[in-house]
Amino acid sequence: MIALASDHAGYALKKELEEHLRSKGYETKDFGTYSEESCDYAVYGSRAARAVAKGECEKAVLVCGTGIGMSLAANKVRGIRCVVCSEPFSAKLSRNHNDSNVLALGSRVVGSELAKMILDIWLESEFEGGRHQRRIDLVADIENGKEL
Ligand code: RB5
């Protein structure tokens, strides 16, 4: 199950990505917002991120104007590694090296075709583990208050 969330600025792109994902056979759950009425990204981004952290959803895709607000909100949830991507290379490497579990996209930054390309490569790419596991464990230590 892929969690989806957006604010008003990301609503249209989120719905397009939802349709794209469903056409490829993914199940999705939309955590809001449900219209283009102005709202606050932290509300919806945190709901989708928490669903991932709790294991209810495998990954999440968050959309706001830039992707930045959504990523800030999502990364406050313990266990979340959210990345903002505007090109496929970073999306791929964020899976291979950083085991990203949430993708944030900016509807005012990327067009819908590029967003779909980024999303596809992000979903298809796997975490490589090994030395990268040690590094993401260190990042988790920061979250737990450990001084490195
Ligand atoms: C909304 O205008 C905009 O600030 C929001 O979508 C997002 O880009 C914030 O990071």
Side-chain angles (χ1 to χ4, degrees), residues 1-24 26-127 132 135-146 148:
M1 179 74 74
I2 306 294
L4 298 172
S6 73
D7 67 357
H8 54 288
Y11 177 77
L13 179 57
K14 176 186 69 178
K15 296 315 273 183
E16 214 173 309
L17 296 177
E18 179 180 55
E19 202 175 300
H20 177 70
L21 287 171
R22 290 192 171 196
S23 76
K24 296 191 110 191
Y26 289 98
E27 285 189 293
T28 60
K29 183 171 178 184
D30 187 353
F31 286 82
T33 188
Y34 303 109
S35 76
E36 293 191 316
E37 192 179 324
S38 184
C39 66
D40 303 319
Y41 53 77
V43 175
Y44 305 100
S46 64
R47 289 177 186 172
R50 281 193 208 287
V52 175
K54 286 194 256 174
E56 292 167 8
C57 292
E58 187 192 329
K59 291 188 175 83
V61 182
L62 312 178
V63 192
C64 64
T66 58
I68 295 170
M70 280 296 191
S71 69
L72 291 174
N75 279 317
K76 293 292 181 195
V77 177
R78 186 177 297 277
I80 293 304
R81 291 174 299 279
C82 176
V83 289
V84 191
C85 292
S86 51
E87 35 73 31
F89 180 76
S90 300
K92 178 178 187 303
L93 270 290
S94 81
R95 289 286 309 127
N96 295 160
H97 290 189
N98 313 108
D99 198 18
S100 59
N101 50 13
V102 179
L103 173 67
L105 294 163
S107 63
R108 296 170 179 160
V109 181
V110 294
S112 62
E113 292 309 311
L114 179 55
K116 286 177 205 167
M117 189 182 287
I118 292 167
L119 176 54
D120 287 347
I121 200 158
W122 184 71
L123 287 171
E124 287 157 15
S125 302
E126 297 294 337
F127 180 48
H132 303 298
R135 291 165 185 165
I136 64 168
D137 287 346
L138 284 167
V139 174
D141 285 343
I142 301 169
E143 193 171 65
N144 293 321
K146 187 170 169 185
L148 303 181

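Order of listing sets the numbers, starting from 1, for every ligand and every atom in it.
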When you measure from atom 2 (O) of ligand 1 to every protein heavy atom, which one gives the shortest distance, and what is it? R108 NH1, 3.2 Å
For ligand 1, does M70 get within less than 4.0 Å through its side chain, its backbone, both, or neither, judged by non-hydrogen atoms? neither
What do you reckon, does Y41 have a nitrogen or oxygen under 3.5 Å from a nitrogen or oxygen of ligand 1? no
Going by distance only, is there an N or O of G69 that falls short of 3.5 Å from an N or O of ligand 1? yes
Relative to ligand 1, is A9 under 4.0 angstrom through side chain, backbone, both or neither, heavy atoms considered? side chain
Might you confirm whether atom CD of E56 has over 12 heavy atoms from other residues, nucleotides or ligands at distances under 6.0 Å? yes
Which of the atoms in ligand 1, numbered in the order shown and given with their element, are less than 4.0 Å from a heavy-atom of G65? 5 (C), 6 (O), 7 (C), 8 (O)
For K15, does the NZ atom have more than 12 heavy-atom neighbours from other residues, nucleotides or ligands under 6.0 Å away? yes
Interatomic distance, M1 atom CE to L21 atom CG [nearest 0.5 angstrom]: 12.0 Å
Can you tell me if H20 and D120 form a side-chain donor-acceptor pair at under 3.5 Å? yes
In the protein, what heavy atom is nearest to atom 8 (O) of ligand 1, and what distance, to one decimal place, separates them? T66 N, 2.9 Å
Over 12 foreign heavy atoms within 6.0 Å of CG, D40: no
Quick one: which of I68, D7, D40 has a heavy atom closest to atom 5 (C) of ligand 1? D7
Could you measure the distance from the NZ atom of K29 to the CD1 atom of I2? Nearest 0.5 Å is fine. 13.5 Å
